[in-house]
Amino acid sequence: MSLKIAVLVSGRGSNLQAIIDAIESGKINGVIEVIISNKKDAYALERAKRHNIEGVFIDPSSCKSKDDYDRAIIKILEEKDIGLVCLAGFMRILTPYFVNKYKRRIINIHPSLLPAFPGLEVQKKALDYGVKFTGATVHFVDEGVDSGPIIIQSVVPIMDTDTPEILSERILKEEHRIYPEAIKLFAEGRIVVKGRRVFTPFPSI
Ligand code: GRF
């Protein structure tokens, strides 16, 4: 049976595209049942249309509270019997209620080597700090910010000539490689979590 996936987005959706491509090419045994955005004009919703995937905009201003907003998302996830929720540039913190309801079934991609540089503008933070390597991390979502168990990481070197934009591009290539990999492994039931440690056959060669 193929994994039913929901992708939550807020922006351009390049990671969403990498997931769509991996599904369309048969790499991931899954189907994106719905793409949910908190931004009406997110380019990710345009990508949904192009690939005939249902795209839903849930307007934050139509919900009284964060809990209400998350309940609106959960309603859709339940209707569609979603097995995995992928955050792909989704710019909201999920409520503990949501995180616990879908415990170990929500994953996120983050453009740093966590636990270094959680939060926003992390490519600039890595440059400002002066680290020589940064990277990309796929992790389970817990109640904190970018703090859940780490599934896959990829290391990216920092060059003297880097700007946040140049570095972002280099990291993004790795994001597009490891995010579909993690989803593939999840869909195949090959991810084992023991406390904070996550065991996967990645890299598989
Ligand atoms: C990515 O860098 C991702 O790691 C971060 O937000 C950005 C989203 O980019 N969480 P995109 O919308 O997938 O192109």
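Note that ligands are numbered from 1 as they come in the structure, with each ligand's atoms numbered from 1 the same way.
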List the closest protein heavy-atom neighbour of [atom]: residue, atom name, distance to the nearest 0.1 Å.
atom                    : value
atom 10 (N) of ligand 1 : I109 O, 3.1 Å
atom 8 (C) of ligand 1  : G89 CA, 3.6 Å
atom 3 (C) of ligand 1  : E175 OE1, 3.2 Å

Between the side chain of R47 and the main-chain N/O of G13, is any donor-acceptor distance below 3.5 Å? yes

Using only atom types and a distance under 3.5 Å, with no angle test, would you say the side chain of Y97 pairs donor to acceptor with the backbone of R71? no

Ligand 1 and [X], any nitrogen or oxygen pair closer than 3.5 angstrom?
X   : answer
R12 : yes
N15 : yes
G13 : yes
A88 : no

Would you say the side chains of S65 and D67 form a donor-acceptor pair under 3.5 Å? no

Does either side chain, that of H176 or that of Q17, offer a donor lying less than 3.5 Å from an acceptor on the other one? no

Going by heavy atoms in the side chains, are K39 and M91 under 4.5 Å from each other? no

Any idea which heavy atoms bring P164 and Q123 closest together, and the distance? O-CB, 4.0 Å

